[in-house]
Colleague: 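The structure is given below, and queries will be raised subsequently.
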Amino acid sequence: MASTFPHTYFYNSKRPRNASREKRARTPQTNPDTDLILKPRIFKTARSKRNQSFLVERNSVSLTRALSSYVERGYMKNALDLFENMRQCDTFIWNVMIRGFVDNGLFWDAVDFYHRMEFGGVRGDNFTYPFVIKACGGLYDLAEGERVHGKVIKSGLDLDIYIGNSLIIMYAKIGCIESAEMVFREMPVRDLVSWNSMISGYVSVGDGWRSLSCFREMQASGIKLDRFSVIGILGACSLEGFLRNGKEIHCQMMRSRLELDVMVQTSLVDMYAKCGRMDYAERLFDQITDKSIVAWNAMIGGYSLNAQSFESFAYVRKMQEGGKLHPDWITMINLLPPCAQLEAILLGKSVHGFAIRNGFLPHLVLETALVDMYGECGKLKPAECLFGQMNERNLISWNAMIASYTKNGENRKAMTLFQDLCNKTLKPDATTIASILPAYAELASLREAEQIHGYVTKLKLDSNTFVSNSIVFMYGKCGNLLRAREIFDRMTFKDVISWNTVIMAYAIHGFGRISIELFSEMREKGFEPNGSTFVSLLLSCSVAGLVNEGWEYFNSMKRDYNINPGIEHYGCILDLIGRTGNLDHAKNFIEEMPLAPTARIWGSLLTASRNKGDVELAEIAAEHILSLEHDNTGCYVLLSNMYAEAGRWEDVERIKFHMKKEGLEKSVGCSVVDLSSKTFRFVNQDRSDNEINMVYDVLDIISKKIGEDVYVHSLTKFRPSDLEKKRANSAKSHSLRLAICFGLISTTIGNPVLVRKNIRICEACHRFAKRISETTKREIIVRDSKIFHHFNGGHCSCGDYW
DNA sequence: TTAGGGTTAG
């Protein structure tokens, strides 16, 4: 029978202490259980003097029994009423009450009672402290825990093994593993519980290595393990992916009866699943005779972790076949990553609906997992809505929302949210930083990149491999390739992502040969490439025009590394084919591809068609793009420009009309120059202030000096009636030119001029930048929406194909 | 009357 006592009633650590009695007094007696030893009416009569003495007389026997009975059944309201009517309460009675609160999760009340007890002059004993220490752990109240610890030492009870073990558990739970270690070290006698508490304690703070070494030490001391030791150490193996150690422990257990324990079996299933061995996990799971919801969840979560999404759902169905077990909130959490992986938004929504219908929400972890799922599926609105409505948020929730923004290209929003987080008491962690840095990589100036790098160093997160990888990428994207390389070279622990990142950084700058050298170095150092490595490598070949090398790497993927090329790899190869100008080959390549072409693939064909001036093929490619992404304005603009160059004015008008009808607007071209103190932004035909006139003067001088008349050249194909309009919008005053001229006069000779641009460079400006780099003998670096163009001595690193 | 457990969010 469930208790009618509302357990959450007293559990509010923020509630002022003196409010508890007042609240209790207002609470109506709701317990209908009149079969208890003492009925409620006895409390009323007990207030007379005669009955008080009666109670005192019987305090030691019936009342104590009644109190224990209430406490054991979770009727804390009744227990409390009874307690308040007891005149003389010894340590035992206080202990019963404190234990009752702890068992019912009412930690704050347990601590409150302990203080009342002390204030009343009743001394705590060796039974009191384990309860009180557990309550401090339950409240995650380190200060109170330390005060109680001090009291224990003062009382001379610190040698009690139960108290010592409770302290270890409390400190580990709060995350103060050093304090737990200190208690453990100073214990005169340790038992199996002490060792087990340390083994599990290390796991709870995420240190599987020390847990394993503690376990080894325990075994070396000749102490025999029990089910708790096994569950603890298997947790360490799961945490660190120690498959060999996990198997070793499994073998040890096969000789004992521990293997038949359902919790041990579940821990084994979990360990194998987390070590990537679902085959072993399945075999063990099948051997469990009475499968609990936890065991099912371990399998469902295991499949989810190992990217076997369909199996996760299949196990949920199987679990329900017997009709006894039903999905719980942990099942929901385990099902959300598979929804994201399959990009099955409807499935994700149905999991969300199920959680609502079954009363699982609000729930911090579940809501965070839902934010993550919506973000992964590209649905920012519901993610924002959920995040906004959360009663409680922790750092992980903030990280999930920030990552949702960056993954979906909402970099500004990500940066704003990150600023909000920094203004709170929460301190960003490595995940926060690794989630926000891609936004800085996309939007930030080199100056801002340096600032966030400084902040990361201050947080002491710069040695984290995840974070360092993001910093390398950020510097690469912000244009400081040397700095990116320097950080990469100094990294102590490089992983495959570190190599992929640095190869990608050189790729986007068009230094394909260096990317290839880095790939060889990576192989020599024993790193196994993955699919992403080949995306970086093939992009390097594509941007640098290394056609033969690109094909060789593409062919080696399956042959030498057993990696099936994905759509991204096909896209890079298509760019390579596009460079050769063989459009038939490009068309055939798409037709023969084993994967369905995406908008990115058709975009590659569109670029190739534009470079060869093949309007018909461009139309086909554009049609495919717009069927997949109807709001792709870049595609409309490119096609419109091609029609204009071919003199097909009706088609230009048709596109213009269609865009207007669809409410699509051409992106405003914008170029940015970052100086050490300030960022300067230019738009086409910029006349924003008087100072700009100086830039125009410089542009005129330079244009005359380089002797280029791009302006005339680019307008020869326009019909006379449009010339006036085109002249006003001509490439001559495109934002990029203004930015380059500004950069030339604002930076020191010898240094490159770095310009960031939001859309691709037009052909006229590309020619202009090449000429200007030759004439002024300055290096001009332009970052467009896709890659970097390094203009030097009249040449561009992209090989005039972009 | 006291201490320890399996599944969960990036």
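The chains referred to below are lettered A, B, ... by the order of the sequence lines, with proteins before strands, and numbering in each begins at 1.
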Colleague: Taking the ring of A:F83 and the ring of A:W94, is the distance between their centroids below 6.0 Å?
Modeller: yes
Colleague: Taking the side chain of A:F92 as its heavy atoms from C-beta onward, which of B:dA9, B:dT1, B:dG10 lies nearest to it?
Modeller: B:dT1
Colleague: From the set B:dA9, B:dT7, B:dT1, return the single nucleotide nearest to any side-chain atom of A:I396.
Modeller: B:dA9
Colleague: Please report, to 0.1 Å, the donor-acceptor pairs under 3.5 Å made by any side chain of residues 178-185 of chain A, with sequence neighbours excluded.
Modeller:
residue : atom : partner : partner atom : Å
A:E181  : OE2  : A:Y202  : OH           : 2.4
A:E181  : OE2  : A:R210  : NH1          : 2.9

Colleague: Mind checking whether A:W329 and A:H363 have parallel, tilted or perpendicular rings, split at 30° and 60°?
Modeller: tilted
Colleague: In whole angstrom, give the distance that lies between atom CE of A:M198 and atom P of B:dA3.
Modeller: 20 Å
Colleague: Are A:H352 and A:Y374, when compared by the centres of their aromatic rings, separated by less than 6.0 Å?
Modeller: yes
Colleague: Please report the distance, rounded to the nearest Å, between CG in A:N95 and P in B:dT2.
Modeller: 10 Å
Colleague: For the pair made of CG in A:L63 and P in B:dT1, what is the distance, rounded to whole Å?
Modeller: 18 Å
Colleague: Just N and O in the side chain of A:R227: are any of them under 4.0 Å from OP1 or OP2 of B:dG6?
Modeller: no
Colleague: Separation of A:H352 atom NE2 from B:dA9 atom C1', in whole Å?
Modeller: 15 Å
Colleague: Just N and O in the side chain of A:K134: are any of them under 4.0 Å from OP1 or OP2 of B:dG4?
Modeller: yes
Colleague: Among the candidates B:dA3, B:dG10, B:dG6, find the nucleotide nearest to the side-chain atoms of A:K407.
Modeller: B:dG10
Colleague: Distance check needed: B:dA3 C1' versus A:N196 CG, whole Å only.
Modeller: 11 Å
Colleague: Given atom OH of A:Y303 and atom C1' of B:dT8, what is their separation to the nearest angstrom?
Modeller: 19 Å
Colleague: Between B:dA9, B:dT8, B:dG4, which nucleotide gets closest to the side-chain atoms of A:N394?
Modeller: B:dA9
Colleague: Of the nucleotides B:dG10, B:dG6, B:dT8, which has the atom closest to the A:T266 side chain?
Modeller: B:dG6
Colleague: Between A:Y280 and A:Y272, what is the ring plane arrangement, given parallel below 30°, perpendicular above 60°, and tilted in between?
Modeller: perpendicular
Colleague: Could you tell me how far apart A:D226 (CG) and B:dG4 (P) are, to the nearest whole angstrom?
Modeller: 13 Å
Colleague: Establish, with yes or no, whether the OP1 or OP2 oxygen of B:dT7 is under 4.0 angstrom from a side-chain nitrogen or oxygen of A:K291.
Modeller: no
Colleague: Under 4.0 Å, heavy atoms only, any strand: does A:S267 hit a base, just the sugar-phosphate, or nothing?
Modeller: sugar-phosphate
Colleague: Which nucleotide wins on minimum distance to the side chain of A:N334, given the candidates B:dG6, B:dA3, B:dT8?
Modeller: B:dT8
Colleague: With respect to the side chain of A:V262, which nucleotide from B:dT7, B:dA3, B:dG6 is positioned closest?
Modeller: B:dG6
Colleague: With the stacking rule set at 5.5 Å and 30°, tell me whether A:F127 counts as stacking on B:dT2.
Modeller: no
